[in-house]
2 protein chains.
Amino acid sequence: MASDTRTEILDAAERLVQTRGFNAFSYADIASELDLTTASLHYHFSGKAELGRALIERYTERFGEALGAIDAAGGEAPGKLAAYADIYASVLRDRRMCLCGMLAADYDTLSDPMRAAVVEFFDRNEAWLVAVLEQGEREGSLRLGGSAPEAAQALVSGLEGALLIARPYGDVKRFESAARRLVEALAAQSTPA
Amino acid sequence: MASDTRTEILDAAERLVQTRGFNAFSYADIASELDLTTASLHYHFSGKAELGRALIERYTERFGEALGAIDAAGGEAPGKLAAYADIYASVLRDRRMCLCGMLAADYDTLSDPMRAAVVEFFDRNEAWLVAVLEQGEREGSLRLGGSAPEAAQALVSGLEGALLIARPYGDVKRFESAARRLVEALAAQSTPA
DNA sequence: GTCTATAGGCAGATAGAC
DNA sequence: GTCTATCTGCCTATAGAC
């Protein structure tokens, strides 16, 4: 069972990475926030790279649970895509960037385990989207311009970029507008009833 | 007249920011690369924030020149959009992220002058794109799903995101595929002759 | 599990000689 | 313009007491 402190460290580190980037926060930032010492942090995580790896692992797991919840709710593909985009919007409402989008920017400076975990996050996102897009084609609710994997890649790219650019403008509506546009353009809804 | 050393400093710093991010390079990195001391760098730029501001200023200027060259070459809107996307592709071929896309990730940690310069970069990009998209509608070469400003925002977001995600995969084709897809979806070409 | 204390290095920056 | 020398502060990390 993970200690409560471990979870609190992950929570604080996660927020710091999502707002400032991996190279712009320190153990001291987390320690002061939790009223601990940096030495105590090393008891829970051997180093910053290991903390970062654990961060991605937890984030990917939670993201997967959110995707599973969308699947469990059922419904047609267009609704699932809207729910997917809203996961991103909820991150921005918290004034954050996607953890792995931020780490994609920091990619050149990351340890090998962190790099592999970042790529795996995107792979899983795209795999889930491919399934939804193929569902949409089967049920006739979506028209794709090309292959489902290509559309999935463009969707993830577009949504991550919309998050990235919306943050300097501090404007959630800007994201929502771009996201709606991207989803509708890349996976056009067949005119519903 | 700017000294040659000043230009060399900007070149080295630019590459470092585009590959590692603003908080993951140091004056020492630049100094060792140019066989200078960090003290000498302070003669040319008062501090890291001022160096960063100068970096964005030059980058925005150069980007503007590239956009002017596209306009000067003339042609219809679809060709201009393809040329625009190829500017991004050329950045990635150099294994870099867009300077301002990277700084958008670092945004929370930037000085006010740097923040303002980053936003201005995106504003100028979008203004140029709006003009191209409106040209396309006028000449009948493009069909937009909605307003030109919204499409322009989605295009910039999409291309920046495609750069961001392509870098971890080290795959230029991945960017090119997503970029083509984004451009075609957000600004559909009216079936040409 | 958390602490004190500290190591060893690197950060950005400055004074003043040349 | 570039240097040497140096400052102050922060960084990650470790040893060892409690």
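Numbers restart at 1 for each chain; the letters A, B, ... are given by sequence-line order, proteins then strands. Just so you know, these numbers use all the heavy atoms, side chains as well, and skip hydrogens, waters and symmetry mates. Given the structure is predicted, the values throughout are model-derived calculations rather than measurements.
- Partners of A:Thr60 by side-chain contact (heavy atoms from CB on, under 4.5 Å), not counting sequence neighbours, listed by chain and number: A:Ile56, A:Phe121, A:Arg124.
- Rounded to whole angstrom, the span from the CG atom of B:Leu41 across to the P atom of D:dG1 amounts to 14 Å.
- Atom-to-atom, CZ of B:Arg6 to P of D:dT2 comes out at 13 Å; the value is rounded to the nearest Å.
- A:His44 places its NE2 atom 9 Å from the P atom of C:dC3, with the value rounded to the nearest Å.
- Taking the six-membered ring where the residue is Trp, B:Tyr27 and B:His42 present tilted rings, their angle falling between 30° and 60°.
- Take B:Tyr107 and apply the ring pair (Phe, Tyr, Trp, His ring centres under 6.0 Å) test, not counting sequence neighbours, and it matches no residue.
- With hydrogens and angles ignored, the 3.5 Å screen pairs no side-chain donor or acceptor of A:Lys80 with any backbone N or O of A:Gln135.
- Here the side chains of B:Leu129 and B:Tyr84 are in contact, with some heavy-atom distance below 4.5 Å.
- When the C1' atom of C:dT4 is taken as reference, atom CG of A:Leu36 falls 14 Å away, rounded to whole Å.
- Note on A:Ser40: every side-chain N or O is 4.0 Å or more away from OP1 and OP2 of C:dG1.
- Ring orientation note: the planes of A:Phe175 and A:Tyr88 are close to parallel, at an angle under 30° on the 30°/60° scale.
- Applying the ring pair (Phe, Tyr, Trp, His ring centres under 6.0 Å) test to residues at least two apart or on different chains, none of the pairs has a partner in residues 129-161 of chain A.
- Within 4.0 Å (heavy atoms only), A:Asn23 reaches no atom of the nucleic acid at all.
- The interatomic distance linking B:Ile9 (CD1) with D:dG1 (C1') rounds to 10 Å, in whole Å.
- Defining each end axis of the helix from C:dG1-D:dC18 to C:dC18-D:dG1 as the rotation carrying four pairs' C1' atoms onto the next four, with five pairs an end, the two axes are found to diverge by 10° to 10 degrees.
- Rounded to whole Å, atom C1' of D:dG1 lies 6 Å from atom OH of B:Tyr43.
- We find that CD of A:Glu8 is positioned 14 Å from C1' of C:dT2, with the value rounded to whole Å.
- Partners of A:Ala28 under the side-chain contact (heavy atoms from CB on, under 4.5 Å) rule, at least two apart in sequence or in another chain, are A:Ser26, A:Thr38.
- Counting to the nearest Å, the P atom of C:dT14 and the CZ atom of B:Phe45 are 16 Å from each other.
- A cation-pi arrangement is absent between A:Arg20 and A:Phe25, since the terminal nitrogen or guanidinium carbon is not both under 6.0 Å from the aromatic centre and inside a 45° cone about the axis.
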Polar atom pairs (N or O), protein with nucleotides 10-14 of chain D, under 3.5 Å:
residue	atom	partner	partner atom	Å
D:dC11	OP1	A:Ser26	OG	3.0
D:dT12	OP1	A:Lys48	NZ	3.3
D:dT12	OP2	A:Tyr27	N	2.9
D:dA13	OP2	A:Lys48	N	3.0

